[in-house]
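Computed over heavy atoms, backbone and side chain alike; hydrogens, waters and symmetry mates excluded. The structure displayed is predicted, hence computed values, not measured ones.
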Amino acid sequence: MLACGLATHFVLSKDLPELENALENVAGLGTSTIRRILDMYAHKPTIKEDSPCFRIELINKCFSKNTVEEILQALVQEKEVNGVADKWLVNAINSIKQASPSSLKIFLRSVREGREQRLYQCLIREHIITGNIFSRRISDDFYEGVRATFFEKDKKPKWEPSKLELVSMERVDQYFTEIDDEDFQPLRLSFAPRWSKSQPFVMAKARL
């Protein structure tokens with residue numbers, strides 16, 4: 001969490017109540033005071049040797065490619081250079097090869113779009129994607145994955161399409177398209193964009 005920028009401090013669970021009390025006592029003070037208190041309780045986490053944190057350069061190199069196909073190819077090339085002994089590379093390659101090709105392309109596009117969007121926009125986008133996945137109007141991959149993993153447990157899902165190169169951009173676009181169905185309810189968020197004080201709700205036209 002710290003390495004990828006999703007967190008600023010690591011605090012032990014046992015110290016959380018004391019930290020909360022300390023923060024309550026400085027309510028209304030500036031961010032510099034709050035940061036100083038957080039620093040007092042922060043710890044440097046112990047990172048395992050096989051942690052992705054030690055592969056940031058490699059991750060950036062491979063996962064900065066434009067498409068899933070290019071990302072997979074970059075990982076395979078790195079594996080050939082480093083040899084099969086690199087367990088992380090092997091696991092990364094196998095995970096991609098075993099996953100739904102459609103889901104991989106949907107996820108990559110969603111993450112890339114989210115870089116330039118605010119939280120409410122990301123939630124609306126994910127709501128639309130989820131609605132399309134659950135509706136089964138485009139593909140049964142989600143339910144096929146559930147079947148193969150949790151019910152029949154054969155670990156052999158039959159994805160459709162079955163290969164990355166068969167998943168067209170037009171097909172991916174469908175997952176980001178609003179659902180025109182009266183049975184789906186609109187997404188309501190109880191906060192508005194920072195630039196608009198008059199809008200009490202942000203509503204997704206897609207319904208879930």
Side-chain angles (χ1 to χ4, degrees), residues 1 3-6 52 55-56 58-79 88-189 193 202-208:
M1 297 292 283
C4 65
L6 293 177
R55 294 178 170 82
I56 295 298
L58 174 62
I59 291 173
N60 289 338
K61 178 182 178 182
C62 295
F63 286 87
S64 62
K65 305 300 182 182
N66 293 325
T67 67
V68 179
E69 290 93 331
E70 291 174 348
I71 291 172
L72 179 58
Q73 182 181 9
L75 289 168
V76 171
Q77 289 175 347
E78 289 295 329
K79 175 178 173 291
W88 183 87
L89 274 172
V90 173
N91 289 339
I93 293 169
N94 289 339
S95 294
I96 292 176
K97 288 184 175 181
Q98 293 169 7
S100 158
S102 295
S103 296
L104 289 169
K105 292 196 173 184
I106 293 167
F107 178 77
L108 181 63
R109 173 173 165 179
S110 184
V111 169
R112 298 271 167 93
E113 288 188 2
R115 291 174 176 175
E116 309 298 329
Q117 295 178 330
R118 293 178 180 270
L119 175 60
Y120 84 95
Q121 293 172 307
C122 293
L123 293 175
I124 288 175
R125 184 186 65 258
E126 292 297 326
H127 180 80
I128 292 172
I129 294 171
T130 304
N132 279 308
I133 290 174
F134 286 167
S135 72
R136 310 176 82 161
R137 71 185 187 90
I138 305 171
S139 171
D140 273 338
D141 274 9
F142 173 77
Y143 297 92
E144 174 62 14
V146 171
R147 178 204 65 77
T149 304
F150 298 108
F151 289 96
E152 297 181 14
K153 300 181 180 181
D154 56 23
K155 306 297 182 182
K156 297 179 180 179
K158 297 178 181 179
W159 308 124
E160 182 59 40
S162 59
K163 298 180 180 179
L164 285 169
E165 57 268 27
L166 298 178
V167 183
S168 66
M169 292 308 300
E170 291 76 17
R171 185 181 184 87
V172 175
D173 287 341
Q174 293 181 60
Y175 287 93
F176 292 77
T177 303
E178 297 173 353
I179 303 172
D180 185 14
D181 190 330
E182 293 182 356
D183 292 334
F184 286 84
Q185 296 299 314
L187 173 66
R188 295 178 182 271
L189 302 176
V202 176
M203 181 181 296
K205 292 182 181 179
R207 299 173 175 86
L208 178 61

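The two atoms that bring I179 and G131 nearest to each other are CD1-C, 3.3 Å, heavy atoms only. Here the shortest heavy-atom pairing between T177 and I128 reads O-CG2, 3.5 Å. Closest approach of D183 to D181, counting heavy atoms only: N-OD1, 2.9 Å. For the residue pair V167 and P101, the shortest heavy atom distance occurs at CG2-CB, 3.7 Å. Shown here for I129 and F176, the closest heavy-atom pair between the two residues is CD1-CE2, 3.5 Å.
For V76, the side-chain contact (heavy atoms from CB on, under 4.5 Å) partners two or more places apart in sequence, or in a different chain, are L72, E80, I93. The side-chain contact (heavy atoms from CB on, under 4.5 Å) search around L58 returns R55, C62, E78, W88, L89, not counting sequence neighbours. The salt bridge (Lys or Arg N to Asp or Glu O under 4.0 Å) check on R125 picks up nothing, with sequence neighbours excluded. Looking at residues two or more places apart in sequence or on another chain, you find a side-chain contact (heavy atoms from CB on, under 4.5 Å) between S100 and S102, S103, D141, W159.
Legend: salt bridge (charged side-chain N to carboxylate O under 4.0 Å, His left out) pairs involving residues 100-112, not counting sequence neighbours, sorted by first then second residue: E69-K105, R109-E113, R109-D173. Listed by first and then second residue, the side chain to side chain donor-acceptor pair (under 3.5 Å) pairs that reach into residues 89-99 come to none, sequence neighbours excluded. Sorted by first and then second residue, the salt bridge (charged side-chain N to carboxylate O under 4.0 Å, His left out) pairs with a member in residues 126-137 read R136-D140; sequence neighbours excluded. The salt bridge (charged side-chain N to carboxylate O under 4.0 Å, His left out) analysis of residues 159-172, with sequence neighbours excluded, yields no pairs.
Between atom CG of residue L104 and atom CD1 of residue I71 there is a gap of 9.0 Å, rounded to the nearest 0.5 Å. The OH atom of Y175 sits 4.5 Å away from the CD1 atom of I106 when rounded to the nearest 0.5 Å. To the nearest 0.5 Å, atom CG of residue L164 and atom CD of residue E70 are 11.5 Å apart.
No donor-acceptor pair closer than 3.5 Å links the side chain of S110 to the backbone N or O of F107. Counting only distance, with no hydrogens or angles, the side chain of N132 and the backbone of I138 share no donor-acceptor pair below 3.5 Å.
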Side-chain atoms of residues 143-152: list all donor-acceptor pairs with protein atoms under 3.5 Å, sequence neighbours left out, distances to 0.1 Å.
residue : atom : partner : partner atom : Å
Y143    : OH   : F134    : O            : 2.9
E144    : OE1  : R147    : NE           : 3.1
E144    : OE2  : R147    : NE           : 3.2
E144    : OE2  : R147    : NH2          : 2.7
E144    : OE2  : K158    : N            : 2.8
R147    : NH1  : E152    : OE1          : 2.8
R147    : NH1  : D154    : OD2          : 2.8
R147    : NH2  : D154    : OD2          : 3.4
R147    : NH2  : K156    : O            : 3.4
T149    : OG1  : G145    : O            : 2.8

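At a threshold of 4.5 Å between non-hydrogen side-chain atoms, the residues L75 and F63 count as touching. Counting heavy atoms from C-beta outward, P52 and I59 have side chains that approach closer than 4.5 Å.
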